[in-house]
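Within every chain, numbering begins at 1; the chains are lettered A, B, ... in the order of the sequence lines, protein sequences first and strands thereafter.
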Amino acid sequence: MSIAVADKQTKLSQLRDGGQRSFIVVRIVRLWDSIIPPRNIFTGIDFLAVDDKGFAMHGTIPAELADDFHGLIKEGHVYRIQIFEVGPRGRKTHLAIPLEALLYFNVSTVIEPIPEGIDKYPSHYFRFASYDDVMARNEKLYYLTDVIGVLTAATDVKSVTLNNNRGTSDKREIFLTLQSGQKIKITVWDPKIVELDITSIILLGYKPVLAIGGISIRDNQAYKQINTCSGTKFLLEPNLPESFDVRKSIPDDGKPIELLSSADVDNLRDYTYPDAKENRVQDLLYMNAATIKGLKFKVKGKILRFQTKQGWYYNSCKDCTFGVKKEPSGYNCPRHGDTSPRMNLKVSFIIQDGSFKLQTVVFGNLAKKLTGIDISNLTVSERLNLDQIPAIANSIIGKEFEFILGVSDQGYGPGLNFKVFYFDPVEQEQDISFVEKDNGDGSSSKDLMPHIQTEISGSSHGQVEKEKGPSVDVVPNLQTEINVTPNSQAQIFAEGGTPNCTPSASLTDAPNELSHRGTRSRRHGDSLFLNFFPFGTLLDRGSFGPLFFCFPTSSKKINFK
DNA sequence: CCCCCCCC
């Protein structure tokens with residue numbers, strides 16, 4: 001096979017929009033099938049390419065050409081690429097880096113591996129965001145976010161029912177402590193769940209440093225929803241300067257990652273409402289409901305009494321929490337159509353701090369935890385007694401709690417009504433408290449990092465922000481790659497370990513790597529996980545049991561504050 | 001084909 005020789009090489013930073021006459025030489029540092037959830041639509045093969053100047057570009061191989069190039073391009077390898085196009089993408093979203101111009105393969109593109117003399121090509125490219133960066137970002141940003149931190153905890157896998165009859169999707173929450181000491185919760189969606197092999201990570205026996213490239217951040221009302229997407233890449237114990245910074249700030253405590261119950265985490269708003277402002281009951285009374293909509297507040301108060309004039313439960317759809325009423329045709333849910341009703345707790349109560357009082361409402365499972373009311377255990381007469389709350393609830397009268405509150409439009413009548421998003425009993429003796437470090441600027445790593453990309457001047461794509469320098473790993477092949485082959489769960493390679501611990505042993509070598517195109521056929525090994533860790537039994541506890549426990553040996557009480 | 005829950 002003979003390949004026409006383009007006359008000259010161009011560096012990525014010099015590329016202009018349009019068809020390219022010259023060739024480029026780049027390392028493919030990330031490579032993924034771009035798949036849009038929840039219907040798993042395959043839009044093409046995307047990649048992140050870096051040249052020997054440390055300049056990065058997002059590239060894409062259109063879906064029609066994917067089969068032609070699939071076997072020719074592998075993550076971690078360096079290629080000479082000739083005859084391609086440069087330009088923006090129609091839908092500007094989920095790009096790996098803040099650069100609007102992409103590399104586009106076309107039917108004439110020629111790609112040749114460069115086997116030697118490739119040490120100058122960085123093995124990784126990250127632009128790690130600080131906690132404050134993460135909190136400032138949302139779906140308006142067209143590019144994805146990279147983070148690095150210590151992986152401290154993970155939940156079991158839970159199936160989520162999507163809106164608008166779009167089926168279900170599996171998720172697992174993981175918790176990352178960033179260098180500043182602040183924690184973020186990241187939702188890992190199927191099929192990324194198998195790429196972060198939690199079983200193997202537990203077996204490490206310590207909490208590892210984890211770099212994550214390409215997560216998307218959304219504002220979901222007041223809290224940050226941080227999701228994986230098809231472009232997300234996990235790197236365990238990466239050989240990066242930032243790894244050392246993170247480890248220096250967050251020393252190894254010698255314990256494996258914690259396993260949390262997804263049900264509990266869904267009610268844990270310390271993570272999902274990190275911006276909740278501390279306030280007194282008194283402060284909230286002077287606020288304007290219209291202007292604080294969506295905001296969350298952290299307040300302390302005692303439970304004065306219940307308000308049961310409008311009952312302590314409502315009837316909801318059996319499959320969701322929409323309220324349903326009896327119609328001539330039966331019960332009808334806007335989401336699930338014909339349904340049957342079930343009782344759902346909706347408990348209104350007054351909290352007091354000094355002489356100031358606040359009307360609040362708490363729903364569902366959170367209400368069950370707060371009040372101790374278990375609807376399935378009630379007698380018929382208790383259920384029928386709409387204006388008298390079951391006696392067990394009275395045990396919390398007079399008790400003090402810290403609440404996460406937000407204005408509710410589901411309250412009782414006009415005026416300020418607050419919905420409870422989370423509560424935590426205020427106890428005399430605190431057991432173990434997580435000590436949050438003050439939030440420094442988290443930028444010490446910046447000084448150690450080469451600023452290659454930002455030093456490039458006269459780039460034709462002036463969009464690269466000066467926010468952070470790139471993190472460039474110039475020592476390839478030393479970091480542990482997470483093995484993504486579904487049936488090799490127990491394999492995690494140690495630093496500098498096995499010979500197949502090379503970038504090429506990553507995503508593209510998994511035999512069924514492309515099998516999820518347009519399908520939902522892939523299953524992960526969750527049943528194995530659940531067999532190992534019987535969450536249901538361990539976590540079936542009273543209202544105020546330990547929030548978390550550490551598998552497998554200890555069952556300590558931890559207050560996340 | 002176009003980026004997933006978290007409602008009441």
Side-chain angles (χ1 to χ4, degrees), chain A residues 32-44 46 60 62-64 89-95 138-144 155 157-173 185-193 214-232 262-263 265-269 271-273 294 296 310-325 333-336 341-348 361-367 404 406 408-412 417 419-422 517-518 520:
Chain A
W32 67 97
D33 281 2
S34 179
I35 291 169
I36 300 169
R39 296 186 216 276
N40 290 342
I41 293 150
F42 173 66
T43 64
D46 276 22
T60 195
E64 315 84 77
R89 183 148 82 179
R91 239 185 115 79
K92 201 174 64 171
T93 171
H94 288 70
L95 300 184
N138 59 31
E139 64 280 357
K140 291 177 192 131
L141 207 64
Y142 68 91
Y143 57 92
L144 300 168
T155 70
V157 173
K158 182 188 180 186
S159 176
V160 168
T161 303
L162 308 176
N163 285 326
N164 306 321
N165 288 320
R166 291 181 302 168
T168 63
S169 190
D170 290 340
K171 69 160 186 180
R172 158 178 282 146
E173 315 285 358
K185 183 182 84 168
I186 298 168
T187 304
V188 181
W189 293 94
D190 182 47
K192 288 286 158 181
I193 293 171
I215 50 174
S216 76
I217 301 175
R218 307 180 57 82
D219 277 331
N220 206 335
Q221 294 165 61
Y223 70 87
K224 293 291 170 188
Q225 173 66 48
I226 306 176
N227 288 323
T228 64
C229 63
S230 56
T232 299
S262 57
V265 167
D266 282 349
N267 285 319
L268 184 83
R269 306 299 177 169
Y271 287 114
T272 47
Y273 296 107
K296 299 289 176 288
Q310 297 185 48
W312 45 273
Y313 68 88
Y314 71 104
N315 287 317
S316 78
C317 166
K318 71 173 163 51
D319 295 317
C320 70
T321 55
F322 268 107
V324 292
K325 293 210 161 47
C333 169
R335 251 169 73 180
H336 296 94
R342 75 187 155 98
M343 287 170 67
N344 216 330
L345 289 175
K346 177 181 181 179
V347 177
S348 179
V361 62
V362 61
F363 288 95
N365 196 37
L366 197 62
I404 301 286
S408 167
D409 47 15
Q410 308 131 226
Y412 292 75
N417 272 293
K419 174 179 158 178
V420 177
F421 290 88
Y422 178 70
R517 278 183 195 173
R520 298 195 49 76

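- Within the nucleic acid shown, A/Thr187 comes within 4.0 Å of at least one base atom, counting heavy atoms only.
- Spacing between atom CZ of A/Arg89 and atom C1' of B/dC3 amounts to 11 Å, rounded to whole angstrom units.
- Judged by atom type and distance alone, A/Lys346 does not reach the base of B/dC8 through any side-chain donor-acceptor pair under 3.5 Å.
- The CG-C1' distance, from A/Leu144 to B/dC3, rounds to 10 Å in whole Å.
- Between the CG atom of A/Asn40 and the P atom of B/dC4 there is a distance of 13 Å, rounded to whole Å.
- To the nearest angstrom, C1' of B/dC2 lies 15 Å from CG of A/Asn227.
- For the pair A/Arg172 CZ and B/dC6 C1', the interatomic distance rounds to 20 Å; values are reported in whole Å.
- Taking CD1 from A/Ile217 and CD1 from A/Ile226, the interatomic distance works out to 5.0 Å, rounded to the nearest 0.5 Å.
- Not a single donor-acceptor pair, N or O on each side, falls under 3.5 Å between the base of B/dC4 and the side chain of A/Gln225.
- In the set B/dC1, B/dC8, B/dC5, the nucleotide with an atom closest to the side chain of A/Phe322 is B/dC8.
- When each of B/dC8, B/dC5, B/dC3 is scored by its nearest atom to the side-chain atoms of A/Asn344, the top-ranked nucleotide is B/dC8.
- Between the NZ atom of A/Lys325 and the P atom of B/dC8 there is a distance of 13 Å, given to the nearest Å.
- Regarding A/Ile193, its CD1 atom lies at a distance of 13 Å from the C1' atom of B/dC5, rounded to whole Å.
- Remark: the A/Thr321 side chain and the B/dC7 base include a donor-acceptor N/O pair separated by less than 3.5 Å.
- The distance from the OG atom of A/Ser216 to the CG atom of A/Asn227 is 4.5 Å, given to the nearest 0.5 Å.
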*Passes salt bridge (charged side-chain N to carboxylate O under 4.0 Å, His left out), A/Asp219 versus A/Lys224? Steps please.*
CA-CA 5 Å; A/Asp219 277 331; A/Lys224 293 291 170 188; 2.5 Å; yes
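- The glycosidic torsion of B/dC5 lies more than 90° away from 0, which places this base in the anti conformation.
- Side chain of A/Tyr314, nearest nucleotide from B/dC8, B/dC4, B/dC3: B/dC8.
- Each of B/dC6, B/dC5, B/dC2 was ranked by its minimum atom distance to the side chain of A/Ile36; first place goes to B/dC2.
- OP1 or OP2 of B/dC3 has at least one side-chain nitrogen or oxygen of A/Arg91 nearer than 4.0 Å.
- In this model, the phosphate group of B/dC3 is not approached by any side-chain N or O of A/Arg39 to a distance below 4.0 Å at OP1 or OP2.
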_Check against side-chain contact (heavy atoms from CB on, under 4.5 Å), A/Thr187 and A/Glu173_ = CA-CA 5 Å; A/Thr187 304; A/Glu173 315 285 358; 2.7 Å; yes
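- Closest contact between the side chain of A/Glu173 and the listed nucleotides B/dC1, B/dC4, B/dC5 involves B/dC5.
- If you take OG1 on A/Thr155 and NZ on A/Lys171, they are separated by 7.0 Å, rounding to the nearest 0.5 Å.
- Residues A/Asn344 and A/Phe322 fail the side-chain proximity criterion, which asks for heavy atoms closer than 4.5 Å.
- The CD1-C1' distance, from A/Ile215 to B/dC3, rounds to 14 Å in whole Å.
- Scanning atom types as modelled, no donor and acceptor separated by under 3.5 angstrom connect the side chain of A/Thr43 and the base of B/dC1.
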